[in-house]
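Remember, it's 1-based here, ligands and their atoms both numbered in the order they're listed.
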Amino acid sequence: MSRLNRSDRPYDIVLFGATGFVGALTAEYLAAHAPEGLRWAIAGRDEVKLRRLRDRLPGGAEPGVLRADVSDTASLRALAGQARVVATTVGPYVTYGEDLVAACADAGADYLDLTGEPEFVDLTYVRHDARARETGARLVHACGFDSVPHDLGVYFTVRQLPEGVPLTVDGFVTADAAFSGGTFASALGQFARGRRMVAAARERRRHEPRLMGRRAGAPTGSPRFAPEVGAWALPLPTIDPQIVRRSAKALERYGPDFRYRHYAAVRRLPVAVGGVAGVGALFAAAQVPPVRRWLSERLKPGDGPSAERRARSWFSVRFVGEGGGRRVFTEVSGGDPGYDETAKMFAEAALALALDDLPETAGQVTTAVAMGDALIDRLGAAGIRFRVAARR
Ligand SMILES: NC(=O)c1ccc[n+]([C@@H]2O[C@H](COP(=O)([O-])OP(=O)(O)OC[C@H]3O[C@@H](n4cnc5c(N)ncnc54)[C@H](OP(=O)(O)O)[C@@H]3O)[C@@H](O)[C@H]2O)c1
């Protein structure tokens, strides 16, 4: 692996999509928390909007301002060439994201995003992982609520269990939060692309080396009452179990035979039934283009929950890990999952890639593999709690 010499680049971190809902929260977080001397820039397609954002950043922060547009490949290449780390919020990623991944892989710039779109992650693996390994670029997808608390929460749980034995971990997600226009657009788009998602996963399987001598799985569980957390558990078909499985494949510490199941935890059965019906209805609506268009106009890009609504929001992911005769209960918890905490996770992941002493990795890597302990420490210091609740 030959990591390109990147120390002479003008910026440690470039935040692309800084004018969007999560982008602006991330810029504010960096302005308030980046260490002195960090060289960073905000980037986007509208320079006037970028300058207006810079003027209202806290603490008199004065990041650089870079213009780039996803429809102008040369501008993306110029952006990747100026940065050690590029963090992008420009989604839906399957529509807007690939050229920037390609530019970062070629330039040897580390890349991170907020995607929760399995199709996009599989496509970029097939098309850009090999090039990124050559240049030393780390391509880290899903650095927000998808999938940081789940990926790092499982990593944290595994470390509480014995080494060298088969391990199982179940994750139970509970949250009270609202979502933004950008997230709504990405979710709707994803629901409409089921077939392409399956095709991309198949293509990935053809390219990905098989795991030899160990097993790592993330089977879909069944709906059930889970006495271990005192709630109804509904299988959650998000990207998270796929990310956890990739971490388990890459890290020996997950043992010879690892299995993860991912659930939403709901206290009351009628709420569980209503939730499943609601997601089912949205999925059905997304298959009909005019209905999908009508729905996407209800929440515009750039819109999102108010600061008051976000202040009341919270999340908790409880994990039950078992193996080698031991059982451990752990929890990752924090405030507003979709935005405030996502911006925090995203900014801290960018800072970790830019500044921390991390394991040597390259190509498409998960947050646990690229940043594991360093990112857990950073998030803990920033108020996202990782704790062991009980051991048996
Ligand atoms: N994983 C998670 O937990 C999580 C949580 C929250 C959000 N997300 C994802 O993050 C993404 C952003 O969400 P959001 O709510 O912040 O969306 P948003 O408010 O719509 O922001 C989108 C950003 O993309 C920019 N953009 C759009 N087209 C562009 C182009 N052609 N060239 C350059 N920039 C362009 C927009 O620039 P303008 O300002 O110029 O329009 C804006 O800065 C979505 O994909 C969402 O699903 C993930």
Exercise. Applying side-chain contact (heavy atoms from CB on, under 4.5 Å), run through Arg318 and Glu228 and close with a yes or a no.
Key: CA-CA 10 Å; Arg318 285 169 292 170; Glu228 60 273 38; over 6 Å; no
Practice problem: May I ask which of Leu15, Val90, Val22, Thr19 has a heavy atom nearer to atom 24 (O) of ligand 1 than the others do? | Solution: Val90
Quiz item: Can we say Arg327 and Glu322 salt-bridge, meaning some charged N sits less than 4.0 Å from an Asp/Glu carboxylate O?
Solution: yes
Exercise. Looking only at distances, please establish whether an N/O atom of ligand 1 is found under 3.5 Å from an N/O atom of Gly20.
Key: yes
Self-check item: Subset of ligand 1 atoms that lie under 4.0 Å from at least one heavy atom of Thr89
Solution: 11 (C), 12 (C)
Quiz item: Is there a nitrogen or oxygen of Phe16 sitting under 3.5 Å from a nitrogen or oxygen of ligand 1?
Solution: no
Exercise. Give me the ring orientation class for His262 and Tyr260: parallel if the planes are under 30° apart, tilted from 30 to 60°, perpendicular past 60°.
Key: tilted
Quiz item: Can you tell which of Val70, Thr342, Asp113 gets a heavy atom nearest to atom 32 (N) of ligand 1?
Solution: Val70
Practice problem: Just go through Phe145, Tyr96, Tyr339 and tell me whose heavy atom is the nearest to atom 3 (O) of ligand 1. | Solution: Phe145
Quiz prompt | SB check Arg51 Asp55 (cutoff 4.0 Å) | solution = no
Quiz prompt | ligand 1 to Gly144 polar contact by distance, N or O atoms, under 3.5 Å | solution = no
Quiz item: Is the ring centre of Phe145 less than 6.0 Å from the ring centre of His150?
Solution: yes
Exercise. Taking atom types as modelled, find out whether Gln364 and Arg204 have a side-chain donor-acceptor pair closer than 3.5 angstrom.
Key: yes
Quiz prompt | Carboxylate-amine/guanidinium proximity below 4.0 Å for Asp356 and Arg378 | solution = yes
Exercise. Answer yes or no: does an N/O atom from Glu117 fall short of 3.5 Å to an N/O atom of ligand 1?
Key: no
Quiz item: Should the pair Arg84-Asp8 be classified as a salt bridge under the 4.0 Å nitrogen-to-oxygen rule?
Solution: no
Quiz item: Phe21 to ligand 1: N or O pair under 3.5 Å?
Solution: yes
Practice problem: Could you tell me whether Asp176 and Arg312 make a salt bridge, using a distance below 4.0 angstrom between a side-chain N and a carboxylate O? | Solution: no
Quiz item: Does Arg193 pair with Glu119 as a salt bridge, N-O distance under 4.0 Å?
Solution: yes
Quiz item: Quick one: does Ser71 get within less than 4.0 Å of ligand 1, heavy atoms only?
Solution: no
Quiz item: For ligand 1, which atoms, with element, lie under 4.0 Å from some heavy atom of Gly338?
Solution: 5 (C), 6 (C)
Quiz prompt | Close-contact set for ligand 1 against Gly17 heavy atoms, below 4.0 Å | solution = 43 (O)
Self-check item: Nitrogen or oxygen of Asp69 less than 3.5 angstrom from that of ligand 1
Solution: yes
Practice problem: Check each heavy atom of Asp146 against ligand 1 and say whether those closer than 4.0 Å belong to the side chain, the backbone, both or neither. | Solution: both
Exercise. Find all atoms of ligand 1 within a distance of less than 4.0 Å from any non-hydrogen atom belonging to Lys49, and give their numbers and elements.
Key: 38 (P), 39 (O), 40 (O), 41 (O)
